[in-house]
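Worksheet: one structure, shown below.
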Amino acid sequence: MFKKVLIANRGEIALRVIRACEELSIATVAVYADQDRDAIFVRRAEEAYSLGGGPPSENYLNIEKIVSIAKRAGAEGIHPGYGFLAENAAFAAACEEAGIVFIGPPPSAIEAMGSKTRARELMKQAGVPIVPGTTEPVETVEEAIRIAEEELGFPVAVKAAGGGGGKGFRVALNKEELPAAFEGASREGQKFFSDPTVYLERYLPNPRHVEVQVLADRHGNYVHLGERDCSIQRRHQKLIEESPAPEWIVTPELREKIGQIGVEAAKAVNYVGAGTVEGLLQGEEYFFLEMNTRVQVEHCVTEMTTGIDIVKEGIRAAAGEPLSFRQEDVVLRGHAIECRINAEDAARNFTPTPGKITTYREPTGPGVRVDSGVGAGDEISPNYDPMVAKLIVWDRDRAQATARMLRALKEYEIGGLTTLIPFHEKILQTKEWAAGETCRNLIEDKEWLASTAKPSEQPAGGEEREVVERTYTVEVSGRRFDVKVYGEPTGAVLAAPANGAAAGGAAPAARPRRSQRQGGGAARQVGSDTITSPLQGNMWKVLVKEGDTVEAGQLICIIEAMKMENEITAHKSGVVVELPVKEGQQIAAGDPIATIKAGSENGAG
Ligand code: MV4
């Protein structure tokens, strides 16, 4: 087994890996970007090394820096978590070249699954059912029309070969829509994956997203841990995941079939470690979609129902040890649900709501697990994924697990930010959720989403004065050390950020009462007319023109950041008088993006 492992990630997943290492008596090394200097995962690791500032490309995505720190620290393995370098074959290869074990599959498996057309071809050869469609790139719109008309029928899905997770995915209902879908998917593929190649699939009308957790070691053992149903998603971002799927959807026989498909897919690429085979379930038919060659955000629900620690097993496999159990030892018990607690406002088109967490208290009690990496005083940065935490519950069946989740959501206190907690509370009480529906109708319904908004409360007055322990961070030769100081609070830790910083959030200085979840919010206003960007990103689409009359809540533009599309809506009704940012331009958090003058007077005219 490894003696020391470097974790090339941040946030909750870095902490999750550290916990697994501690249980395996492995020393941990964190690496961190400047803005994470005081993060929990950095403090918790035995050693921590600075990766410097700047954008992720200069720190969490910098292969050379990370490998050289691993060598300097004497780490024998690197765990990539999810996101960042987790599915980067060049990184896995660079680790191997440096004599460090990449805790994940071999580079060849990452590469094979990275190209969706190559993966589809490999799966077809291995006898794994794929969604009907092409396994070769489709070169031209004319060819796409011919294949759609003669082989697949409409509607068709056009998908980017370099894509995954829904990026570069367009639907054409008929021949007329195909050129735009083709161009759109290709453009998005080029933009996000530097690959304009697209392929076609038959579009399934209302499938479920069902995936299977697999584990493999270096001794030829392959097992599956049952399925996860992740059908509740928005714009291909999963919001709620559960394991198993509702019992009236996946029977034991179907589970066996899906599990076997997962194992066959993993075998076809000589997989090692923890991986997920994603697929679409339409009735009793299951089709391979793609494989995620890493540990996933939602692995926890499977851990709750199987009792198997997926992260530890992945580390064991990478170290050359056999898996600690066999397929026949896997017993599924009860039901687990995960809600992603994002700093987003569902009532405002899921706009990110970065800012400072003023108060923070996690739910506990029977059957509750919280995987998070934050606490009071921490900043949710507009530069990273908006996921604050994952709330996972287990109970003996789906209905009881739902009741337990509702109880835990109510216990969860996150002050200073708007989060998805009210959204989850609302959706878990619908008849659609109870019936195990995919809830796509609700998630797309602006009025229903607006109804999830919590009325805001006044902040409580009176700040408590007390002696506090404060930890200062010292960096010596790029390595992080902590110094503890006890004294009067200076107001710097829990106080609101300096006014005017657009990304700073509207956190009150005083400790707010429980359930005060406003603040953050959508794009903030400068004066009362101008909307400023809540995040750093790229102007993806501008949907109005200067001079247009808009309603409060109407879509103004879409900003692309962290591979997510963020909708910016009008903060009030009026006339658009200024739109300073053009499509394709870079935007910093706080930049003005639109000015709307109330009433019918047109300030621009
Ligand atoms: C599809 C599809 C229908 N037909 N592919 C791909 C990525 C994943 N996040 C959702 N994806 C879909 N791929 C074909 N050929 C429909 C979806 C889909 C979906 C599937 C299950 C549950 C919810 C969904 C929401 C949006 C899109």
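Keep in mind that this is a model prediction, so the values were computed, not measured. When a ligand or atom number is given, it counts from 1 through the structure's own listing order.
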Is a side-chain donor or acceptor of Glu241 paired with a backbone partner of Lys238 at a separation under 3.5 angstrom?
no
Protein contact to atom 4 (N) of ligand 1 [nearest heavy atom, distance to 0.1 Å]:
Leu204 N, 2.9 Å
Return yes if some donor-acceptor pair links the side-chain N/O of Gln282 with the main-chain N/O of Arg208 below 3.5 Å, else return no.
no
Protein heavy atom at shortest distance from atom 17 (C) of ligand 1
Phe169 CE2, 3.8 Å
Apply the salt bridge (Lys or Arg N to Asp or Glu O under 4.0 Å) test between Arg120 and each candidate in Glu136, Glu290, Glu201; give the one that qualifies.
Glu201
Output yes when Glu432 and Arg440 qualify as a salt bridge under the 4.0 Å nitrogen-oxygen rule, no when they do not.
no
For the residue pair His236 and Phe169, does the interplanar ring angle fall in the parallel (under 30°), tilted (30 to 60°) or perpendicular (over 60°) class?
tilted
Between side-chain atoms of residues 181-192 and protein atoms elsewhere (two or more places apart, or another chain), which donor-acceptor pairs fall under 3.5 Å?
unit_1	atom_1	unit_2	atom_2	d
Ser186	OG	Pro196	O	2.9
Glu188	OE1	Gly168	N	2.8
Glu188	OE2	Arg170	NH2	2.5

Pro207 N/O under 3.5 Å from ligand 1 N/O
no
Please work out whether any backbone atom (N, CA, C, O) or any side-chain heavy atom from C-beta onward of Leu280 is under 4.0 Å from ligand 1, and answer side chain, backbone, both or neither.
side chain
Relative to ligand 1, is Lys238 under 4.0 angstrom through side chain, backbone, both or neither, heavy atoms considered?
neither
Protein contact of atom 23 (C) of ligand 1 - nearest heavy atom, named by residue and atom, plus distance:
Ser231 O, 3.6 Å
Report the residues that fulfil side-chain contact (heavy atoms from CB on, under 4.5 Å) with Thr197, sequence neighbours left out, ordered by chain and then residue number.
Pro137, Ala161, Asp195
Could you find the nearest protein heavy atom to atom 13 (N) of ligand 1 and give me its residue, atom name and distance?
Lys159 NZ, 3.3 Å
Quick one: nearest non-hydrogen protein atom to atom 24 (C) of ligand 1, plus distance?
Arg440 NH1, 3.6 Å
Atoms in ligand 1 flagged as close to Arg202, the criterion being non-hydrogen separation under 4.0 Å
4 (N), 14 (C), 15 (N)
Ligand 1 N/O within reach of Gln233 N/O, cut-off under 3.5 Å:
yes
Which of the numbered atoms in ligand 1 are below 4.0 angstrom from a heavy atom of Gly166?
7 (C)
Pair Val550, Ile556 - check side-chain contact (heavy atoms from CB on, under 4.5 Å), show working.
CA-CA 9 Å; Val550 295; Ile556 300 292; 4.2 Å; yes
Do the ring centers of Phe91 and Phe84 come within less than 6.0 Å of each other?
no
Residue Glu201 vicinity, atoms of ligand 1 by number, heavy atom under 4.0 Å:
5 (N), 14 (C), 15 (N)
Run the side chain to side chain donor-acceptor pair (under 3.5 Å) test on Glu12 and Ser372 for me, step by step, so that the C-alpha distance in whole Å, both residues' side-chain angles and the decisive distance to 0.1 Å come before the verdict.
CA-CA 5 Å; Glu12 70 87 16; Ser372 68; over 6 Å; no
Would you mind running through ligand 1 and noting each atom that sits below 4.0 Å from a heavy atom of Val131?
15 (N)
Short version for His209: what comes under 4.0 Å of ligand 1, heavy atoms counted, is both
Test your reading of the structure: does Thr438 have an N or O sitting under 3.5 Å from an N or O of ligand 1?
no
